[in-house]
Amino acid sequence: MNKKTVYLLFTVLLVAFAACKEDSTVFYSLNKTDLAIHPKETFQFSVWEQSMEFNRVYADGIEWSVIDQVPTDAAYTEVATIDENGLMTAVSPGQAVVKAVCNNGRIVMSAVTVNAWDAPDASGLVLDRYDVYQNPAQTYTDTLTLSVSDDILSKFDLIVTSSDTTLITPILLAPTEEDLAAGNKDYHIVLKRTEDITTEKDVEITVSAGETSVTCVVHISMRLYLSFNAIDLSLTDNPDLVKESSYRIKLNETDTVKAYYRLQPDDAAHLEKMEDAFTYTTSGSSALIIEKTEFVRDSSQLWIVVRAGNLEGSTDITIEALGNKIVASCSVVDINNTIVNSVTFDMDGIKAMIGEDLVTSERGFSLFDYLSVDPLTATVDWPVEWTSSKEEVATVVTDGNDAGSFTIWKAGVFTITATCRDKSASVTITAKLSLESIAFVNNLKTELVETETTQWDVNLSAKSNYNTDDVVVTWTSSDEKVATVAPDGTITAVGAGKATITASVTDDYDKTWSAEKEITVISAADIEIEDLVFNPTEYLYVSEIASSGSLKGTKIQVFSMEGDTYDFNLYTADGSEIVLTPGKTLTYGTDFIAGSQVIYPNGENPDITSGTVEVLDTGNLKFDLKAQKGGKEVSITGEVLKYE
């Protein structure tokens, strides 16, 4: 133990001794008076009070702090931090004192020594590349992948540096929550370019964890790329380049051979030089000729416009520039010579997939594998066309890898047709609605005053998420002397009492689904609400989160000294809690929405219809609201005291 630690412990004991002198029956101490720990580790401190009668954790309030011990000739480095609950986190090697000031005035301390970890195993720090090549005028950003062992992450902070930050500034990105959920714990280092240069230069990017480090060298140079596919240089300077491509061109038609290029650097002078260096040659038959070439700089493409004659044949076009060469093989064909013998569906296979009667409640199927075209090569010149007879019932993908896949949206009968040139085949399918549930929507108004109306609705769940907008709902009331219900779900209160409202639907399989909910009709004369006038000498308030069905916001609970409680449920449009910040005024229609209510002690719940709630600088609330139920309106005014 060094002199500084001895001094710290002496200080701790001195404070403890003072505590003993001050109170001979109760002793105070920390649960650890001399702690050795490493960076990123934590320790939970607590204060113990002890006497002949008890030995317990002090729980009446403690102010925690850390006093770092820094030599006078050393730069300041934070040794440790501690939160309001006494949880200490070690930050960097050094010595410190944890100080606890109890609410009763007692002070206790602990000496803390944060020791450095041993150098980590270098195999736990791995980059996916140790050499990266960039163009001097590069505008895109390279990214390195960094694999870090759990042992290093638990003990060390990762530090990324650049040998020349005027050229490259590295940015370390931790794995996202989505990455971690997918089992990917890799970090990424974005190599952000900060300045263009015109000469070659190497920049070292170093990742350090304690005394262990790994380095990647970024070589800044220039290069030309040429390919028939889009060139992606964001991750590598050796992308997958397609050097050969083929085209089928119809007689007497014009087509465009498209190639991609990337020049680095791509300033105007270099682009002019590159364009002058390109050559184009043809070989094979003279079935087509090159009409013109064009550089499309905004998309880094080279277009070669070719025109076919009236004779079939095959011509190769070779494109060369600065040592790069790609070849396009072009076949000139007369598609009118293509004969389609037949287009047929394998109906047995389709019935095995969908059902023998071609009736289904499922949503998606693909007919592609069940289609035969004779000869198959005819589809090159005459691609299969897919159509649906009723797209509101089912749609079919017309091209791409999913061509022939259809999706059913609602019940009905539809026909999918596949056509190749002058031949076609069709499949007619019946989609039936199969319901799975019926339920009333949330937040329905279930208490009405005589003559009042409200409209109810239901949510229908169907197999495969079929659209249920056209499904007819049948509404009935158990007692029309209490309430009647229209075919659209509009309920009219007739007389005081209770009635059960039933909503029923029947699906295509003759299965009926029903939902029931009780409604209460009261007389306007029975509504017991009155004006409220609050004052801070009699009323206090607290606030918490409010929730009712899909409505969410803040509940302000106002209570009197006599025990009466009024709940103000202020719901927000986005469902967020309202923060009662001093100086803020909450306005109906802006800060809280329709549906907000005040609940009286007797259970009455008039809707708030207008007004404001002002948060005063003292934290008190000033009400100026209007609320209404069954045509009876009340005013709510006055000020209430914040409960501490």
Side-chain angles (χ1 to χ4, degrees), residues 39-40 92 116-227 229-241 260-267 270 300 323-324:
K40 300 185 78 170
S92 58
W117 292 102
D118 293 336
D121 186 350
S123 63
L125 201 63
V126 179
L127 287 170
D128 66 328
R129 290 179 290 163
Y130 296 98
D131 290 281
V132 172
Y133 293 87
Q134 292 187 344
N135 168 263
Q138 179 170 316
T139 56
Y140 58 84
T141 301
D142 281 300
T143 302
L144 299 175
T145 299
L146 175 67
S147 299
V148 188
S149 68
D150 292 338
D151 182 61
I152 289 179
L153 288 175
S154 66
K155 297 178 180 178
F156 299 94
D157 291 325
L158 299 175
I159 299 174
V160 184
T161 59
S162 169
S163 64
D164 192 339
T165 55
T166 64
L167 295 178
I168 297 179
T169 301
I171 302 172
L172 181 65
L173 300 178
T176 64
E177 292 183 1
E178 292 77 8
D179 292 334
L180 295 174
N184 183 3
K185 300 189 293 183
D186 289 340
Y187 283 67
H188 293 91
I189 302 171
V190 179
L191 304 179
K192 182 176 177 57
R193 289 288 296 273
T194 56
E195 181 180 322
D196 291 345
I197 62 172
T198 57
T199 58
E200 293 188 359
K201 186 167 184 178
D202 291 345
V203 179
E204 291 188 354
I205 306 299
T206 302
V207 184
S208 301
E211 300 299 320
T212 297
S213 63
V214 62
T215 299
C216 173
V217 179
V218 180
H219 307 276
I220 300 175
S221 57
M222 61 177 288
R223 190 172 177 181
L224 170 71
Y225 302 84
L226 187 61
S227 177
N229 64 322
I231 302 168
D232 182 8
L233 299 177
S234 61
L235 298 178
T236 177
D237 66 336
N238 292 307
D240 181 22
L241 303 179
Y260 293 83
Y261 69 88
R262 288 296 296 270
L263 181 68
Q264 299 183 327
D266 58 356
D267 56 89
H270 284 85
S300 298
N324 295 275

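All heavy atoms count here, side chains included; hydrogens, waters and symmetry mates do not.
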Check: Glu204 main-chain N/O paired with Ser163 side-chain donor or acceptor under 3.5 Å: yes
Residue pair Asp186 / Thr145, side-chain donor-acceptor N/O under 3.5 Å: no
Distance (rounded to the nearest 0.5 Å) between Asn324 CG and Ser227 OG: 10.0 Å
side-chain contact (heavy atoms from CB on, under 4.5 Å) partner of Pro170, chosen from Val207, Ile205, Val218, Thr206: Ile205
Leu191/Leu144 under side chain to side chain contact (heavy atoms under 4.5 Å, CB included): CA gap, chis, key distance, verdict: CA-CA 8 Å; Leu191 304 179; Leu144 299 175; 4.0 Å; yes
Atom pair CG/CD1 of Asp142 and Ile168 - distance to nearest 0.5 Å: 8.0 Å
Residue pair Thr212 / Pro120: nearest heavy atoms and the distance that separates them: OG1-O, 2.8 Å
Gap between atom CG of Leu127 and atom SG of Cys216 - 0.5 Å precision: 6.0 Å
Stepwise side chain to side chain contact (heavy atoms under 4.5 Å, CB included) check, Val203 with Ser162: CA-CA 7 Å; Val203 179; Ser162 169; 3.4 Å; yes
Distance-minimising heavy-atom pair for Pro39 and Ala116: CD-CA, 4.5 Å
Euclidean distance, Tyr260 OH relative to Leu241 CG, rounded to 0.5 Å: 13.0 Å
Asp240 backbone acceptor or donor facing Asn229 side chain under 3.5 Å: yes
Min side-chain heavy-atom separation Tyr187-Leu173 under 4.5 Å: no
Pairs involving residues 155-169, ordered by first then second residue, that meet salt bridge (Lys or Arg N to Asp or Glu O under 4.0 Å) (sequence neighbours left out): Lys40-Asp157, Asp151-Lys155, Asp164-Lys201
Non-hydrogen side-chain atoms of Arg193 and Thr169 separated by less than 4.5 Å: no
Considering all heavy atoms, the nearest Val214-Tyr130 contact: CG2-CE2, 3.3 Å
Side chain to side chain, Trp117 and Phe156, heavy atoms closer than 4.5 Å: yes
Derivation of the side chain to side chain contact (heavy atoms under 4.5 Å, CB included) call for Asp150 and Lys185: CA-CA 9 Å; Asp150 292 338; Lys185 300 189 293 183; 2.9 Å; yes
Check against side chain to side chain contact (heavy atoms under 4.5 Å, CB included), Asp121 and Ile152: CA-CA 8 Å; Asp121 186 350; Ile152 289 179; over 6 Å; no
Point-to-point distance, once rounded to the nearest 0.5 Å, from OG1 of Thr143 to CD1 of Ile171: 9.5 Å
Gap between atom CG of Leu125 and atom OG of Ser147 - 0.5 Å precision: 9.0 Å
